[in-house]
There are 2 protein chains.
Amino acid sequence: MNRLNRKVEYALMALKLMAQKRPGELTTAKEIAETTGSPFDATARVLQKMAQHKILRSEHGAHGGYVLVRDLSGVSLLELSQLILGAVKAAKCLQNMGDCELKDRCNIHSPISILNRKQEDFYKNITLGELLMERDRARTREVQA
Amino acid sequence: MNRLNRKVEYALMALKLMAQKRPGELTTAKEIAETTGSPFDATARVLQKMAQHKILRSEHGAHGGYVLVRDLSGVSLLELSQLILGAVKAAKCLQNMGDCELKDRCNIHSPISILNRKQEDFYKNITLGELLMERDRARTREVQA
DNA sequence: TCAAATACGCCTTTTTCAGGCGTATATGGT
DNA sequence: ACCATATACGCCTGAAAAAGGCGTATTTGA
Ligand code: SF4
Ligand code: SF4
């Protein structure tokens, strides 16, 4: 249904790259942008956001960079999206400071709120660990197909 | 995560309204737009789309209108979204005719495709019936909380 | 002192979303 | 026959959101 935000994609690419490194090894925004092809500025911004939220640790100055400090199996896709995008709800009226001009005549408030809850549960249960570290996912998919 | 498209909201409002009527009773786009406060044109368009896909039946001319012809418990939110929005995938590269400029260097193809599949499954399992006909949903929620 | 890196705010461009307009067509009432 | 009221549909414009570039400050190792 919904297309993944580009910034979230950049974050996932960066995390995937960093997860493949030796523990403690630093990665620069430049390196990430160059290997993935993503724009430097946008990449740098999501790295900063993730550092603020303690998913990464940043080191300033020359030979600086970022390093993964949280176990990705403990980070949900919901958390990642929220820290990058801010809380995104299923409808305007649920959003923080959201004012929908239909709010008085609207007849789907409770369906929308139910859906919102289900969506949050769904994304909360997808961890970046399981998403990015697909070991023998190929085999699994063949079996399912 | 993702905000529901406005057209889909209009469709849900219309369906909810029509589901509350006597079986076979016609509802006009004008009535729906006026009672829900949604813009007439946008509402009319989603009604036409739903009629094309045989969720509604339309009657032309004076005293015309729309009537629900499918059991909403057999219609998924995925189906509704697809017929209104067209197939929407989790990323550009999965979209029909989608060309992502990163596709060769991108390192999250398979995570994205896994996510896409999960999302589709999720929305496929939400029926409009369960979403719109919330009988004693209030009680249910209290118990869960 | 310089080079390389993070940090951050602002701005423009691009793309998508939302919705209005015009017009054709169908149909029942008068 | 004519008109009022509906659906059907394509096109176009304006608003909103997404995407991303620019400038600059700060940190730090060589
Ligand atoms: S339309 Fe109804 S549900 Fe959607 S945002 Fe406005 S009030 Fe909330
Ligand atoms: S970034 Fe990777 S996943 Fe996202 S669209 Fe481009 S290719 Fe597909």
Side-chain angles (χ1 to χ4, degrees), chain A residues 1-11 13-14 18 26-34 36-67 81 84-86 88-89 91-92 95 97-102, chain B residues 1-11 13-14 18 26-34 36-67 81 84-86 88-89 91-92 95 97-102:
Chain A
M1 300 253 312
N2 238 328
R3 183 140 65 213
L4 209 56
N5 185 291
R6 208 68 201 257
K7 293 175 191 169
V8 177
E9 283 197 325
Y10 297 150
M13 288 191 239
M18 289 192 282
L26 289 175
T27 312
T28 67
K30 189 182 175 197
E31 178 189 344
I32 294 170
E34 282 173 357
T36 64
S38 52
F40 174 82
D41 280 15
T43 300
R45 265 190 294 268
V46 300
L47 289 167
Q48 287 158 21
K49 281 266 178 67
M50 289 192 286
Q52 286 171 354
H53 285 77
K54 307 290 174 59
I55 290 175
L56 312 177
R57 180 172 49 77
S58 71
E59 293 204 5
H60 282 206
H63 307 112
Y66 299 91
V67 63
S81 295
I84 291 177
L85 267 24
V88 181
K89 301 300 185 73
K92 268 192 194 174
Q95 198 91 13
M97 304 295 297
D99 53 335
C100 176
E101 64 283 7
L102 303 185
Chain B
M1 299 254 312
N2 237 329
R3 184 138 66 212
L4 209 57
N5 185 289
R6 209 66 202 260
K7 292 175 192 170
V8 177
E9 283 197 325
Y10 296 149
M13 289 191 240
M18 289 191 282
L26 289 175
T27 312
T28 67
K30 188 181 175 197
E31 177 189 344
I32 294 171
E34 281 173 356
T36 64
S38 51
F40 175 81
D41 281 15
T43 300
R45 266 191 292 267
V46 299
L47 290 167
Q48 286 157 22
K49 282 264 179 68
M50 290 192 284
Q52 285 171 354
H53 285 77
K54 306 289 173 59
I55 289 175
L56 312 178
R57 181 172 49 80
S58 71
E59 292 205 4
H60 283 206
H63 306 112
Y66 299 91
V67 63
S81 296
I84 292 177
L85 266 25
V88 180
K89 300 301 187 71
K92 267 192 196 175
Q95 199 91 14
M97 305 294 299
D99 53 336
C100 176
E101 65 282 9
L102 304 183

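Chain letters run A, B, ... following the sequence lines, proteins first and then strands; every chain starts at 1. What you see below is based on every heavy atom in this structure, not just the backbone, and it leaves out hydrogens, waters and symmetry mates. Predicted model, so just to flag it, every value in this text is computed and none were measured.
Interface limits on DNA chain D: the 5'-most and 3'-most nucleotides within less than 4.0 Å of chain B heavy atoms are D:dT5 to D:dA17.
The separation between B:I84 atom CD1 and C:dG19 atom C1' is 15 Å, rounded to whole Å. A:K30 places its NZ atom 17 Å from the P atom of C:dA7, with the value rounded to the nearest Å. Atoms CZ (A:F40) and P (C:dA5) sit 8 Å apart, rounded to a whole Å. Atom CZ of A:R45 is separated from atom P of C:dC11 by 14 Å (rounded to the nearest Å).
For B:T27, the side-chain contact (heavy atoms from CB on, under 4.5 Å) partners at least two apart in sequence or on another chain are B:L17, B:M18, B:K21, B:E31, B:I32. A:S38 meets the side chain to side chain donor-acceptor pair (under 3.5 Å) test with A:T36, A:T43; sequence neighbours excluded.
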Show me the side-chain donor-acceptor pairs of residues 44-63 of chain B shorter than 3.5 Å, one per line, residues at least two apart or across chains.
from  : atom 1 : to    : atom 2 : distance (Å)
B:H53 : ND1    : B:K49 : O      : 3.1
B:R57 : NH1    : B:E59 : OE2    : 2.7

Donor-acceptor pairs are to be reported for all side-chain atoms of residues 2-11 of chain B against protein atoms at under 3.5 Å, with residues two or more places apart or in another chain.
from : atom 1 : to    : atom 2 : distance (Å)
B:N2 : OD1    : A:N2  : ND2    : 2.8
B:N2 : ND2    : A:N2  : OD1    : 2.6
B:N2 : ND2    : A:R3  : O      : 3.4
B:R3 : NH1    : A:Q95 : OE1    : 3.0
B:N5 : OD1    : B:K7  : N      : 2.7
B:R6 : NE     : B:E9  : OE1    : 3.0

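Residues A:R6 and B:T28 both approach DNA chain D. Their nearest nucleotides, taken by heavy-atom distance, put B:T28 toward the 5′ side. Each of A:N5 and B:L47 lies near DNA chain D, and the nucleotide nearest B:L47 is the one positioned closer to the 5' end.
For C:dC17, neither phosphate oxygen OP1 nor OP2 lies less than 4.0 angstrom from any side-chain nitrogen or oxygen of B:Y10.
Among the protein residues, B:A44 comes within range of no part of the nucleic acid, since none of its heavy atoms lies under 4.0 Å from any strand.
Scanning residues 48-64 of chain B for heavy-atom distances under 4.0 Å to DNA chain C yields B:H60, B:G61, B:A62, B:H63.
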